[in-house]
Amino acid sequence: MKPNISVLGTGYLGVTHAAGLAEMGFDVIGVDVDAAKVARLARGEVPFHEPGLDDLVRTHTESGRLRFTTDHSEAAAFADVHFLSVGTPQSADGEAADLRYVDAAIDMLAPHLNRPCLVVGKSTVPVGTAARLTDRLTALAPAGHTVELAWNPEFLREGHAVADTIAPDRIVVGVGSDVAEKLLREVYADILERGTPFLVTDLATAELVKVAANSFLATKISFINAMAEVCEAAGADVTTLARALGHDARIGHRFLHAGVGFGGGCLPKDVRAFRARARELGGEGAAALLGEVDSINVRARARTLDLVRDSLGGEPAGHRIAVLGAAFKPGTDDVRDSPALAVATAVARAGAEVTVYDPMVRSAGAAACPGLTFSGSLEAAVTDADLVLLLTEWEEFRMADPRLLAAWVRTPRLVDGRNALDHQAWAAAGWSVRAPGRAPVAGQPSRDGAA
Ligand code: UGA
């Protein structure tokens, strides 16, 4: 018989994991302390945008294989395997991860565990957390040492969460016993049958795989953004440089796009948390490297504001600027640590009148982003603009006709913060173009003299 499963924490990771396991034929219960969220999910509604997830949740709440509750005792009575998928944000007073939600989840679940079971951490945590939680769990659970802890990091990307869950490129499990490994092989049997690599490690290595993976991706992005700084100074072109580098199979093309830098709910805080943990452990080399990765990333945002100044030939104050994009990347409505919103807010703070358009994000809260006005369409956002600033490379912007936009704006100036557009085509439509790591492109006057 298949083991019953609970998933604690119903954010991106938890909901997708729970729905994915239901799809694989398990009976799953999702648990969260947020009663309103649980009520929505129980009705089959996903409170955020993730392609394909709505359908999956609806299908399995209707089939009865997927339920949601606020009651930890219900989850404890039902499940044989409990996944921990709660958030580990950056702490308010420093770079380290805030583990209060992980600790709280264990504290709420453990007192109800009165039979042997497996608790499996999926949240991204500092190395050493699993060992600490093992002690906490066995001390609090009535079933004591028959309750085991394993660690199974998650590598899903927002915007691809469903596909990444159902067909991951690898599964990593940190386990302390053969029993735990066997149970996790049962949970992932469908995926393993397809030959997906299954790596069995100790707890510490499993915890580290996740932060090391995200740090490597962040390093790759900051590397190319550092090259963009050099390219600008040398009069070279970072996109051509990246293309040439990427043809070396050892380097590869992915995560080598220079621009406004990385954001989101994961990479920025994971780099910082790993840096803090590496420092605690005496890993000075890792700490120094990650510190530089973070600084380059923060600088990429500031440098985008400099490009706006260059393009305008002065301060943004008094200018009308259309910002294209608010989400931290295309395919999501997530604005956590979004480079787009950070730059848009900085431009507004510098005195510009900023109108933001994002196909998926319709507002971001006046408190979080003072000075930003959200617009309902691309045309409304760019009409009468003195400068168009692209910050999230949505398909709608990539496909936009520069000739049409040139007719809507007051002055055809483009800052392509993501290096996502065809600059020659935009210049041919009359636009002057600035972008990170590339030489300025002057707009070509149109043949009829309109631009
Ligand atoms: C990231 C990892 O890619 C996942 O493997 C991981 O599971 C997840 O974090 C997590 O820890 O939960 P995600 O936050 O969805 O996934 O976003 P990414 O696709 O990695 O993009 C991160 C940021 O880097 C975005 O702001 C994106 O625009 C930026 N980026 C990406 C660049 O600036 N340049 C690039 O070449 C690639």
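By convention here, the first residue in the shown sequence is residue 1. Order of appearance sets the numbers: ligands from 1, and atoms from 1 within every ligand.
- Judged by the 6.0 Å distance and 45° axis criteria, R336 is not positioned over the aromatic ring of F328.
- Taking the six-membered ring where tryptophan is involved, the planes of Y188 and H17 are tilted, since the angle between them lies from 30° to 60°.
- Ligand 1 is surrounded by E154, F155, L156, R157, E158, K210, N214, L217, I221, F255, L256, H257, G261, F262, G263, C266, L267, D270, F328, K329, R418, each with at least one heavy atom closer than 4.0 Å.
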(request) Kindly indicate, with the supporting measurements, whether the criterion salt bridge (Lys or Arg N to Asp or Glu O under 4.0 Å) is fulfilled by R309 and D306. (result) CA-CA 5 Å; R309 289 198 180 94; D306 289 342; 3.1 Å; yes

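- Below 30°, between 30° and 60°, or above 60°: for Y12 and F48 the angle between ring planes is between 30° and 60°, a tilted geometry.
- The closest side-chain heavy-atom distance from L391 to L324 is not below 4.5 Å.
- Closest non-hydrogen pair, V260 versus R301, comes out as O-CG, 3.7 Å.
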